[in-house]
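Remarks on the structure that follows.
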Amino acid sequence: MLSDKLLTVKETARVSGVTIKTLHHYHKIGLLPPREISEAGYRLYGMEELQRLQEILFYRELDVPLEKIRRVLEEKPQRTAVLSEQEELLTARKVRLEQLLLTLRQSIRYASEGERMEMADMFKGFGKEEEWKEALTEQNEYLKETYGYDLLEKETIDVEALNEQAAEAKRFTDGMAAALKDGVKFDHEDVRTLLRDHLDFLNKAGHAFGPQDYVNQAKFFMEDDFHRQMLESQQTGLAYYLRAAAESWASAQ
């Protein structure tokens, strides 16, 4: 049973993380009317309003315009149907983002070796080639200025292949970051398994890449400011951990 407790706009803002100004705006445009307004003029929200606010925020995460959200919710669909649709949409976005990260890691490897990456290997994870180019602009400008290497020199883009590589890079870096956070030693067998699986993927994708190649890449990641900061933003110490793990694994081969 839903709670009968009513919250003020300030309390609703605190619980949801939405600003008071935003709640006022949602009320003004008819997107989220309060349950009632007190004699003193305070907006009051109940559980039904909080549930509607949650649905609104899920749609906002999917970049759905407010007016479209209002029209959808005015039809009063069942909450389970709304949430199920949002789950499908968010899951699809999650897969796409994982693919994007995989592609980014692959691009870094090519850059670290000073090689020109084929466009067919560069743009998976983006719905359109233009989105890939926009996302890589900052990194590309840095590489051109620092190393004279242009990621976007060629024009042909294989979006599907890049998506697969982005997903693999996400899996690998997430696994290494989790191992570091959990205190797993860099030469532990679980860490070496992550490295082996990652290099197996790269080689199956047509990129000759051995243990020493990854050592060279890990060194580049740690020594280059742009790429070190990118890894450190995911998990403090990750760039150093990757290098130690790569060197230990290569020496054991």
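Side chains included, hydrogens not; waters and symmetry mates left out as well; all remaining heavy atoms used. These numbers come from a predicted model, not from an experiment.
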Residues that E55 engages under side-chain hydrogen bond (donor to acceptor under 3.5 Å, both in side chains), provided they are two or more places apart | R79
Which pair of heavy atoms, one from A218 and one from A246, lies closest together, and at what distance?
-> CB-CB, 4.1 Å
For R105 and A169, work out which heavy atoms get closest and say how close.
-> CG-CB, 2.6 Å
side-chain hydrogen bond (donor to acceptor under 3.5 Å, both in side chains) against Q86, all qualifying residues, sequence neighbours excluded = none
Sorted by first residue and then second, give each ring-ring contact (aromatic ring centres under 6.0 Å, His included) pair with at least one member in residues 32-84; sequence neighbours left out.
-> none
Partner set under side chain to side chain contact (heavy atoms under 4.5 Å, CB included) for S84, not counting sequence neighbours | none
So the side chain to side chain donor-acceptor pair (under 3.5 Å) pairs with at least one residue in residues 169-179 (sequence neighbours excluded) are E168-R171, K170-D174, D174-Q234
Residues M176 and Y241: closest non-hydrogen pair is O-CE2, 3.6 Å
Any donor-acceptor pair under 3.5 Å from E49 side chain to L32 backbone = no
Output the distance between atom CZ (R52) and atom CD1 (I69), rounded to the nearest 0.5 Å.
-> 10.0 Å
d(Q54 CD, L57 CG) to nearest 0.5 Å is 8.0 Å
Separation between CG (L7) and CZ (R35), nearest 0.5 Å, reads 10.0 Å
Verdict with reasoning, E74 to R70, per salt bridge (Lys or Arg N to Asp or Glu O under 4.0 Å) | CA-CA 6 Å; E74 275 184 350; R70 186 183 64 79; 2.4 Å; yes
Can you list the residues that meet the side-chain hydrogen bond (donor to acceptor under 3.5 Å, both in side chains) rule with T12, with sequence neighbours excluded?
-> none
Rounded distance (nearest 0.5 Å) linking atom CG of D224 with atom OG of S112 | 9.5 Å
Taking S248 for its side chain and A245 for its backbone only, find out whether a donor-acceptor pair lies under 3.5 Å.
-> no
Side chain to side chain contact (heavy atoms under 4.5 Å, CB included) involving D213 - partner list, sequence neighbours excluded = E113, F209
H227 NE2 to Q229 CD distance, which is reported to the nearest 0.5 Å = 11.0 Å
Evaluate whether atom CD of E189 has more than 12 neighbouring non-hydrogen atoms of other residues, nucleotides or ligands under 6.0 angstrom away.
-> yes
Side-chain donor or acceptor of Q235 paired with backbone N/O of A178 under 3.5 Å | no
Atom CZ of R43 and atom CG of L6: how far apart are they, to the nearest 0.5 Å?
-> 15.0 Å
Mind checking what makes side-chain hydrogen bond (donor to acceptor under 3.5 Å, both in side chains) contact with D182, not counting sequence neighbours?
-> none
Classify the ring geometry between H198 and F172 as parallel (under 30°), tilted (30 to 60°) or perpendicular (over 60°).
-> parallel
Smallest heavy-atom separation, S38 atom then L44 atom, equals CB-CD1, 4.1 Å
By salt bridge (Lys or Arg N to Asp or Glu O under 4.0 Å), which residues pair with K94, not counting sequence neighbours?
-> E98
Sequence neighbours excluded - salt bridge (charged side-chain N to carboxylate O under 4.0 Å, His left out) pairs with any residue from residues 11-24 = none
More than 12 foreign heavy atoms under 6.0 Å from CD of E87: is that the case here?
-> no
What is the minimum heavy-atom distance between P211 and L199, and which atoms define it?
-> N-CD2, 3.7 Å
Side chain to side chain contact (heavy atoms under 4.5 Å, CB included) partners for E247, two or more places apart | V215, K219, R243
Those residues at least two apart in sequence (or on a different chain) that pass side chain to side chain contact (heavy atoms under 4.5 Å, CB included) with R71 are E67, K68
